[in-house]
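Only one structure is covered here, and it is reproduced in the block below.
In the text below, chain A, chain B and the rest are named by the order of the sequence lines, each starting its count at 1.
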Amino acid sequence: MKTVKKLYYGAAYYDEYLPYDRLTTDMELMKKAGISLIRIAESTWSTWEPKDGVFDFTHLHRVLRASKDAGIDVIVGTPTYAVPPWLARKYPDLLAVTHDGPQLYGHRQNMDLTHPGYLLHAQRIIRRLMEEVQPYPHIIGFQIDNETKPYDTCGPRVQQMFTEYLKKQYPDIDAFNQQYGLNYWSNRVQDWADMPDIRGTINGSLAAEFEQFQRNLVTKFFRWQAEIIREYLRPSQFITHNFDFSWRGYSYGYQPDVNQYDAAQYLDIAGSDIYHPGEDHLTGAEIAFGGDLTRSLKRDNYLILETQAQGNHGWLAYPGQLRLQAFSHLASGADCVEYWHWHSIHNAIESYWKGILSHNLKENATYRECMTIGADFKRLSDDLIHLKKRNRIAMIMSNRSNTAFRYFPAGTIDDQNTIVRWLYDAFYRMNLEMDLISDTQTDQTVLADYDLILLPSVYSMTKSLTVQLDQYVKNGGHLLAAMRSAFADEHLKIYADDQPYGLTGCFGMTYDQFTLPGGTSLQSDAVPFAKKPVLSDWMELLIPADENTETLVRYDHPYWKEYAAVTHHAYGNGSAAYLGCFFDADSLEAVLRTLMERFGIAVPKEHFPLIRKEGVNQNGAAVTYFFNYSGAPVNYTVPYDGTELTKHVTFHAQDTVRLEAWDFHILRS
Amino acid sequence: MKTVKKLYYGAAYYDEYLPYDRLTTDMELMKKAGISLIRIAESTWSTWEPKDGVFDFTHLHRVLRASKDAGIDVIVGTPTYAVPPWLARKYPDLLAVTHDGPQLYGHRQNMDLTHPGYLLHAQRIIRRLMEEVQPYPHIIGFQIDNETKPYDTCGPRVQQMFTEYLKKQYPDIDAFNQQYGLNYWSNRVQDWADMPDIRGTINGSLAAEFEQFQRNLVTKFFRWQAEIIREYLRPSQFITHNFDFSWRGYSYGYQPDVNQYDAAQYLDIAGSDIYHPGEDHLTGAEIAFGGDLTRSLKRDNYLILETQAQGNHGWLAYPGQLRLQAFSHLASGADCVEYWHWHSIHNAIESYWKGILSHNLKENATYRECMTIGADFKRLSDDLIHLKKRNRIAMIMSNRSNTAFRYFPAGTIDDQNTIVRWLYDAFYRMNLEMDLISDTQTDQTVLADYDLILLPSVYSMTKSLTVQLDQYVKNGGHLLAAMRSAFADEHLKIYADDQPYGLTGCFGMTYDQFTLPGGTSLQSDAVPFAKKPVLSDWMELLIPADENTETLVRYDHPYWKEYAAVTHHAYGNGSAAYLGCFFDADSLEAVLRTLMERFGIAVPKEHFPLIRKEGVNQNGAAVTYFFNYSGAPVNYTVPYDGTELTKHVTFHAQDTVRLEAWDFHILRS
Amino acid sequence: MKTVKKLYYGAAYYDEYLPYDRLTTDMELMKKAGISLIRIAESTWSTWEPKDGVFDFTHLHRVLRASKDAGIDVIVGTPTYAVPPWLARKYPDLLAVTHDGPQLYGHRQNMDLTHPGYLLHAQRIIRRLMEEVQPYPHIIGFQIDNETKPYDTCGPRVQQMFTEYLKKQYPDIDAFNQQYGLNYWSNRVQDWADMPDIRGTINGSLAAEFEQFQRNLVTKFFRWQAEIIREYLRPSQFITHNFDFSWRGYSYGYQPDVNQYDAAQYLDIAGSDIYHPGEDHLTGAEIAFGGDLTRSLKRDNYLILETQAQGNHGWLAYPGQLRLQAFSHLASGADCVEYWHWHSIHNAIESYWKGILSHNLKENATYRECMTIGADFKRLSDDLIHLKKRNRIAMIMSNRSNTAFRYFPAGTIDDQNTIVRWLYDAFYRMNLEMDLISDTQTDQTVLADYDLILLPSVYSMTKSLTVQLDQYVKNGGHLLAAMRSAFADEHLKIYADDQPYGLTGCFGMTYDQFTLPGGTSLQSDAVPFAKKPVLSDWMELLIPADENTETLVRYDHPYWKEYAAVTHHAYGNGSAAYLGCFFDADSLEAVLRTLMERFGIAVPKEHFPLIRKEGVNQNGAAVTYFFNYSGAPVNYTVPYDGTELTKHVTFHAQDTVRLEAWDFHILRS
């Protein structure tokens, strides 16, 4: 496995965007701030190739020379995620036709990435770029494209590819009609030539299969670019990618449009960009979630290739927050924190997505805080790089289940990530760290690594995975599922059997009815709710199989009180619990605390806003971070004798230590 | 008039949608539950004709044979409301071009139902189907299409038809311009060839005429299908249709896109589907409204061809509610209650619109309650079938007025059904039952049947109808109009005269100004308001003609207090009242109680949630239903000595009887 | 400068819209009401030319003859803002292609006003109309088109014109790329033939330049029409135009789509239409704003060519309000108040935008109040016409800054007019009258007329204007800027320098960071806030240069309290103040009162709802209006001995006089 050699502190840099030549000044300012890495080139095709076949790498060489002189390493991105105007003009069908119709030139990430003309010219510019950068020894790696997604490409040619893909899977067209239930509303296709425009379909199964097909296009695209780049790669250089997340004004959950686990197999090191709320809204949850996911892609350390310096309007870090954020990334296993971006931009759509420097391009409050981080990264690199984590809990990510929520919402919840984060955030606040694993790569070997597996409404589940999970619990594992898990197969065809499909024995429970909660609440002898739980969107009427199933929580409602809301069931050598409804976060924590007892999993005594993250460093020492995600001081208890690295003082086990507002400590054994 | 022979309890059944063969099991489960009718075939063209001219009626015959063996009768629907993919491919212009542009294949009900290719192939499949079903004696009737509407078809060919339609009406194009006021904004059309795309018009009159033209297309379509079916019909068989309603997440009001009264003349028995809120939101108002409307279409008993079993998410009936609903339909005059549908569906858009059986296709709580209903329907058929109602009140439905509210809203009210239901629901809560009659079929003969006619903001009214209504009141009838009634003619041209047009004498009142109420309230010596009335959206400044007009209510406002808000006027042998503004439901009931006194109409002492419905059965006995639409017990007073049919006990007049939560009684004299 | 000869009271009149011939009746009713002017013809091309080349001026001559007989003067509008159906049919590309795609026929104001076919036919109908009206001596002037705007025309031909326009500005395409920052996201254009569809751009600078180009098209259109009309114009006749405003359900702020100052140079007299909230929501602010703007266009008296009689639903004037409104227009410098319109319309989209007469076309409450106004206009014409105002304050209007807010919003504020009105309305309530001047016509000569210049977030500012403003303050002027002023150049390229660009010396302050306020409030020793100020959307972290800069207000926030929120700085012979954030209106008034002290500007003791406006009449007498914009009486102090004109009584200085609800007084010295 390739790794980086030191803890990198970096920024994206765009010499070609700057309003005047200030390369020397910028390099000096970077050095002074401890910036050790820049990322360049990933969106500037029209600069390198302003006309078809006319190349101009002036800016590239300027920056590479200057950074080499300044001792700053470089990641070079291929510029393929934004096409030049001449290319869009040359191939009028190059921009994607999507569910919203044909796209116009201007935006990035709206081409048809299967277009032969696009691929031809993309290959040429990648090869030319790789040739140009050969002489520079300080290029440590390459980034494939940027935040690649299928951009909902679904023009006629792509749809023809989709029909071929289906034909290959279903030599018998009757089997196809049966699997997708196409007799419904007269949608039966008896001749592949009759396949209608997928954009009109009312069949969620077919629509979901098209999304899976689109995700496959992305995986192929990764393989294709990686193969080209590897022809030029030096052994010391790596390939990475800047994965992004589902977006709610900030990085929220798992990216529905890409199977990142599949795509990551073509990379040497995983990378991602994490943007998150700031100021009073900074909680660290997105840093943790995005970090846990990126780390899990290749089960190794990763790079934060973009995160906010000043960032979007309303994210201006309070004093100390920028430091807190940077070290939070390291505590999740990052080996690099790189800002988007060095300088604010003076034209176009991202002018208010501010970099370290403001538009006047001078030192400012943000820059001054960066200087302290750069110095600490350099000083503590040996202690903090390559932090290895050994989590006992894993949550299963599922692209198909995410798609399912869009076509089959649970009440108002039309994004499975709402459930993913509902569970994840509760564990985060309770300081139970976890890995995020893929439903398509989960087998008994993977499962065996964990004490507890979480199913965040994994609606779409193969029969094979239900068998694996059943066996896992029999073997002694614990399973915790949220409502709707294992409801439909991989084609979103609902199982015509008792739910949760294949796991009724494991959960010791079944149900066949569900409704909106209205004013329903929860009642429990086992769980001490601090206040009356508030339900919304979804409730299943769970029927325990018999007295071996513990009804942990039941509904508080005149008619539904006969049904269970949360169950727990000892099964084989393990146990399985099921959450049949969606409710408020505090009540969820109360339920989880009781369940962790049942599972025999210890819950740390630290609780948000005090966040504790830990691992083992490259020298085999334990490293424990304590973060205060609040504007008021908090105390924590030192877990073992060791050195606090930011202040380089010795702490003793059981000492009570005060953390100031938005401050953090790093304890090394 | 054709009728059914017994009270039917049924479900839609789709053998071709099921994930595996379970026909025998389903028939057994149906028989056990007392299901006596299934509806089949209405949306499965692509099953019967998977390729152009290739027919396969395997599923049809399977189901017909099995149902015959099980003693379950059948209604067969023509499959024309959802076209197969090959047909859409064969005629690229077969799907409707609408105000939203050309439609894509996938959804049902989006074809151009005037397309010659559609009609050609629809005729062929109907004829083939009718031939196939000839041998089966247990087919009691046929359903034309399903929820037919014009689907906003307005492609170039249809618009050309519209121009021809106008030309025929207006041989003099100047008259056309004058009627529609086309000089406005330079829209004058002096040559029919200049007729612009109707989709761009800003002329509500022209847009409304186009909608009328679209409704006429639907009426023609009914005639066309009925004529084909009648060629094959046995004398004992009937033709019906499943009419639907305007939709607000459930069946809300009169369907604006179809003149159901016109269409119904081609049917033998009227039918409809009623979906309504459930659980705590179940009031029975939609069952009553939809029933009153369907019954009024042919002034006879009707079939509920679809209603919810488990239905949409959040409608899961509490124990007892499913029974309450079924008998509420009967109490409005239904002779059949049929669920949509027997089994839940495992793929596509309606998977969460659940049937009697859940996705596991096993007996469940819903099924068990159905069993009790099925048994009661069978046992009580002779007593409850063909219930005849004799209502003293009628409300006038008006497609054109509904259209008018979309182009000329009253404040935020852009659907006349808001007013329709505002009035209807108040009468429903007061247990004053009514008929719902058509503005296009109302003459003195019809009016003479009633003591009170309601005008729910019948904005568009022909001069002829104003004359009829004036005469009706002179003859001793009572008239109650809500604001904006009789404001414009049948082309939505506002009458250039005193409003309400043609009825100022009748109402003894006029007005020429109106505004938003803001904080205006109402004051009255005649009406005891329990709380301060809350107005919204619309208020007219009514000017009583003289002291013969009673100002029942006036405005509570510093400047508008000089004007009347509600008036009553004795006129000829009758009287007429007018509501000049829109206000809260409780205050409306208070006003109506006072008005009923003026009209000499007795208001029952029962009030919602206790609902009373009555009629005379086929044996001439009085039948009175009492429904408790609440989760708490209520008492009622027995009106006459008789037998309570559900428990078969004798009740005596003036007994006080307790109705449990969501329970009902049926008293037969 | 041309002027009108008397105070006009008028209405738009459409003989061709009326449902029957009532010309004689209308003229009599008008005379009786004191209507002295009608505006005709501006939207009736299809009446004058029902077919291509077939002309019919029957209605025109009827109205001109009848009005002449009635002694009512006429303004004739060219009918070019609404095209006939035959013209749209003749040129299928005549209707504009916009960002929303190709437009459909029906609406007015949606043609491509650069289309050669449109211009050809428009010229012909204008010339024919001008020839027809020659004989009529009582036509006092002509209105060019109506509310002309570019209608977002951006079809291929117009975009080609835009590319030519850019080419002319940038002979060096590299300079073009540099100015617009097109290297960003690979948008560089190296060959003009590659220019992509502007509708797809993500470059706010380029989009803004296209909007500037569209505004230029409008200016050219004015010149073109004016030149044609002048060929026929008698010396006594004038050319005017009916400018409109940005729209929020009523006339709100400066029209973003037109540079009205540029366009006005082709007019003799400026005109506009002002629509405003009514009833309890009537404040007079829109009348004042629209009036100040229209008066400033040519720095002279103006015509109100349209304002509401009954107007839109919810604007029905309380008794007295119609009078209050009419004289409010005069007090801002109007020489004419003309209603849209005489009669309500019986078909189409504006049927509920009611005129003086309601749909029954009879005398009503509105008409009766008009009669009193007509009489007063006639009686007081000599005193009230040509009121000259001499304001000491001016606010700078900037089309480009308005565009900027759409592409670069401040929090949720995506319309600069929010800031314009935030400032304007505070001054209005404090009875500080102002002029509204153009950023493109502001030089030292203009500035020298004023004591105080307001910059309402003038985001886009040329370097040259920053120099002018700096000099103005040095010369003794006062400057008050709201946040974001002088942030970007005329191409919306953010200045890569300290902000506010070019004015940091003047303001004695700079900043480079800004954020969302969240719960931030304000604190101040200098400003007595009545309640805790509430911030929203935007806050800049202002850094005073040194102790010479007064921090008038600072932030109330744990971390941002180190920064100033409002500063004041003595500079040269003047001073400059800066508002760094957006906050509630009451707190703004408190800040402004303190600032007016610093500026040495006296704030009148009258305050809204008592509004005072003043000027000098044509006879040199002072005229002061006092308006009561409320439903409760208010008192005011008479400023000087004079005659109250509405009641023709003598008032003495320092008398306390009572104004009834919605009443007004006019004092003449």
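With a 4.5 Å cut-off on non-hydrogen atoms, B:Arg89 touches chain A through its side chain but not through its backbone. In this structure, chain A has a heavy atom under 4.5 Å from the backbone of B:Trp315, while its side chain stays farther away. Looking at B:Ser344, there are no atoms closer than 4.5 Å to chain A (heavy atoms on both sides), in backbone or side chain. Only the backbone of B:Val83 comes within contact range of chain A, judged by heavy atoms closer than 4.5 Å. Of the atoms belonging to B:Tyr352, it is side-chain heavy atoms, and not backbone ones, that fall under 4.5 Å from chain A. For B:Gln310, the part lying under 4.5 angstrom from a heavy atom of chain A is the side chain only. In this structure, chain A has heavy atoms under 4.5 Å from both the backbone and the side chain of B:Ile345. Neither the backbone nor the side chain of A:Asp174 has a heavy atom closer than 4.5 Å to any heavy atom of chain B.
Listed options B:Glu42, B:Glu350, B:His281 were ranked by heavy-atom pairs under 4.5 angstrom with chain A; first place goes to B:Glu350. Per-residue counts of heavy-atom pairs under 4.5 Å with chain B were compared for A:Pro517, A:Gly200, A:Pro196, A:Gly519; the largest is that of A:Gly200. For the set A:Ala410, A:Ala207, A:Ala193, the entry with the most heavy-atom pairs within less than 4.5 Å of chain B is A:Ala193. Options B:Ala88, B:Pro85, B:Ser43 differ in how many heavy-atom pairs under 4.5 Å they form with chain A, and the most are formed by B:Pro85. Counting heavy-atom pairs under 4.5 Å between each of B:Asn110, B:Leu95, B:Asn364 and chain A puts B:Asn364 at the top.
For B:His61, the NE2 atom counts as densely surrounded, since its 6.0 Å shell holds more than 12 non-hydrogen atoms of other residues, nucleotides or ligands.
At a threshold of 4.5 Å between non-hydrogen side-chain atoms, the residues A:Asp498 and B:Lys362 count as touching. With contacts defined as side-chain heavy-atom distances shorter than 4.5 Å, the pair B:Ile349/A:Tyr407 does not qualify. Using a 4.5 Å cut-off on side-chain heavy atoms (C-beta onward), A:Trp185 and B:Tyr17 make contact. Looking at heavy atoms from C-beta onward, B:Pro84 lies in side-chain contact with A:Ser186 at the 4.5 angstrom threshold. A heavy-atom distance below 4.5 Å is found between the side chains of A:Leu541 and B:Leu316. Between A:Asn203 and B:Asn347 there is a side-chain heavy-atom pair separated by less than 4.5 Å. The side-chain heavy atoms of B:Tyr318 and A:Trp560, taken from C-beta on, include a pair separated by under 4.5 Å.
In terms of heavy atoms, A:Thr515 sits closest to B:Gly314 at OG1-CA, 3.2 Å. Nearest heavy atom pair, residue A:Phe408 against residue B:Ala348, reads CE2-O, 3.3 Å. Closest approach of B:Lys354 to A:Asp512, counting heavy atoms only: NZ-O, 2.7 Å. Residue A:Gln178 comes nearest to B:Pro19 through the heavy atom pair NE2-O, 2.9 Å, listed as atom of the first residue, atom of the second, then distance. Looking at every heavy atom in both residues, A:Ala496 comes nearest to B:Leu361 through CB-CD1, 4.3 Å. The minimum heavy-atom distance between A:Gln513 and B:Ser358, with the atom names listed, is CG-OG, 4.0 Å.
Going from atom OG of B:Ser46 over to atom CG of A:Leu182 covers 8.0 Å, rounded to the nearest 0.5 Å. Interatomic distance, B:His107 NE2 to A:Ile202 CD1, rounded to the nearest 0.5 Å: 7.0 Å. Taking CH2 of B:Trp45 as the reference point, atom CG of A:Asn183 lies at 15.5 Å (rounded to 0.5 Å).
Ring-centre distance between B:His346 and A:Tyr495: not below the 6.0 Å cut-off.
Neither side chain, B:Asn360 nor A:Asp497, offers a donor N or O lying under 3.5 Å from an acceptor on the other. No side-chain donor from either of B:Glu279 and A:Tyr559 sits under 3.5 Å from a side-chain acceptor of the other.
Using the six-membered ring where Trp is involved, B:His313 and A:Phe514 have ring planes that are tilted, between 30° and 60° apart.
We find that A:Asp194 and B:Lys51 are not joined by a salt bridge, their nearest charged nitrogen and carboxylate oxygen being 4.0 Å or further apart.
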